[in-house]
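Structure, as structure tokens:
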Amino acid sequence: MGLDAVKTKIESLGGNVEVETKVNEGSKFKIRLPLTLAIIQALLIKVGEEIYAIPLGSIDSTINVAPNEIKTIQNQEVILLRGQIIPIVRLASVLNVMSAAPTARQTADSSELFIVIVHMGDRKAGIIVDNLIGQQEIVIKSLGKLLAGIKVIAGATILGNGQVALILDVGSLIAR
Amino acid sequence: MTDKSFAANEIQLVIFRLGREEYGISILQVQEIKRMTDITRVPHTPDYIKGVMNLRGSVLPVIDLRKRLNLPVGEITDNTRIIIVRIEDVTVGLIVDGVSEVTAIPQNSIEPAQTFVGGIAADYISGVGKLDNRLLILLNLSAIVGTTHAETI
């Protein structure tokens, strides 16, 4: 319980915990924390009409794939990237985004999909997004007490135009 | 309100509209009143949470009061306002159809809610104030915002 609380807290701050255990020798705990907590580099992405931020520290790469490169293993969508099998997360369905014009998007996208490859510890996932906006420094703001504890959302930030964008919690996206 | 000082047995209310009904909340709980702005939807929240807004650099949740009180969905007009309230240490915005005035009503013209309303909505109403011919529904904000019974999603 106590260790889980530490892990949850550290991941909510954008860090991670690694544990190595050797029998009869002991355990080594590695705790990684970001240098600054208030300002982070993030990639802004678009899902439907909504803008979300993904912390750059947990992004491996962004790739374009053709829809037919997405395979399924027991109904879990995956892609094969450089010999590694990576599970796919469709952000629009995780976030219940109403796609404004799904048919128009599908025809436009039948050529390529944007996938952001993220990692948390050893685990990786590919997040399907509608559009990439760009990299930006963002200030992390809390959503406040009332909205605390929402899965997949780590916080919020305010964009240059005053709009509020939500920061995705990569750890809980991967764990889904 | 301008020239007479208000008596100790009066309470000052901010009066706002939702549909055809008039509601009141204590002015002491109101921080400010804003025009409608951009609201960012937050996934996995109850449907009465409209989203979050930017209030001078801080992020505040916004509650759609019509949805919260099970009233029919209204349209956003030029009169739509967001009342920023502070309850216990939670600051939230409430979307209302329009804010009309600030007025003082005597404490003894307020009837407790239990005598005439039943159902779920009764929890959200602390009483009804009578002012001349008007009936002002007084809201129990801590129940509306959900600070009293922690609501889980």
Side-chain angles (χ1 to χ4, degrees), chain A residues 38-39 42 44-54 89-100 127-130 133 137-173 175-176, chain B residues 25 29 31-32 34-65 67-68 73 76 82-95 124 139-153:
Chain A
I39 298 176
L44 298 184
I45 54 111
K46 218 167 177 183
V47 185
E49 289 304 301
E50 300 175 2
I51 296 174
Y52 290 89
I54 305 176
V89 177
R90 284 189 186 266
L91 210 47
S93 66
V94 171
L95 302 175
N96 307 322
V97 176
M98 324 266 183
S99 254
I127 301 175
I128 297 189
V129 303
D130 288 352
I133 297 174
E137 268 190 350
I138 58 168
V139 179
I140 303 178
K141 310 238 173 191
S142 143
L143 281 178
K145 236 191 201 170
L146 194 64
L147 297 180
I150 301 174
K151 283 262 162 73
V152 310
I153 302 295
T157 189
I158 294 174
L159 303 178
N161 61 3
Q163 202 187 339
V164 179
L166 301 175
I167 304 169
L168 295 175
D169 179 9
V170 171
S172 66
L173 277 175
R176 286 179 70 87
Chain B
I25 47 182
Q29 293 176 300
Q31 276 197 350
E32 60 185 293
K34 302 281 290 178
R35 285 175 182 276
M36 196 65 188
T37 64
D38 273 350
I39 293 176
T40 303
R41 187 188 69 96
V42 182
H44 306 292
T45 50
D47 66 340
Y48 63 82
I49 304 252
K50 185 90 175 168
V52 287
M53 66 178 281
N54 169 9
L55 180 74
R56 291 187 298 275
S58 48
V59 176
L60 292 189
V62 180
I63 290 176
D64 186 340
L65 207 50
K67 275 228 175 89
R68 188 58 169 142
V73 178
I76 289 166
I82 301 175
I83 304 181
I84 314 286
V85 295
R86 190 173 172 82
I87 309 113
E88 289 145 43
D89 45 356
V90 178
T91 307
V92 297
L94 305 171
I95 299 178
Y124 302 146
L139 293 176
N140 175 5
L141 284 183
S142 43
I144 285 173
V145 171
T147 48
T148 45
H149 25 199
E151 273 175 276
T152 45
I153 306 145

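In what follows, chains carry the letters A, B, and so on, assigned in the order in which the sequence lines appear, proteins first and then strands, with residues in each chain numbered from 1.
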Exercise. Which bit of B:L60 comes within less than 4.5 Å of chain A, counting heavy atoms only: side chain, backbone, both or neither?
Worked result: neither
Exercise. So B:L55 and B:K34, side-chain contact (heavy atoms from CB on, under 4.5 Å) or not? Walk me through it.
Worked result: CA-CA 9 Å; B:L55 180 74; B:K34 302 281 290 178; 3.8 Å; yes
Exercise. Do B:T40 and A:E50 come close enough that some side-chain heavy atom pair is under 4.5 Å?
Worked result: no
Problem set entry | pair B:T91-B:V85: side-chain heavy atoms closer than 4.5 Å | no
Exercise. Checking heavy atoms, do the side chain of B:S58, its backbone, both or neither come under 4.5 Å from chain A?
Worked result: backbone
For this session: Flag the one option from B:V52, B:D38, B:V92 with the top tally of heavy-atom pairs under 4.5 Å to chain A.
Result: B:V52
For this session: Against chain B, label A:L95 side chain, backbone, both or neither, depending on which of its atoms sit under 4.5 Å from a heavy atom there.
Result: both
Exercise. Looking only at heavy atoms, what is the nearest atom pair of A:L166 and B:P43, with distance?
Worked result: CD1-CD, 3.7 Å
Problem set entry | Between A:I51, A:V139, A:T157, A:V164, the one whose heavy-atom pairs under 4.5 Å with chain B are most numerous | A:V164
Exercise. Got A:I138 and A:I167 here, is their nearest side-chain heavy-atom distance under 4.5 Å?
Worked result: yes
For this session: Identify which part of A:L143 has an atom lying under 4.5 Å from any heavy atom of chain B, answering side chain, backbone, both or neither.
Result: both
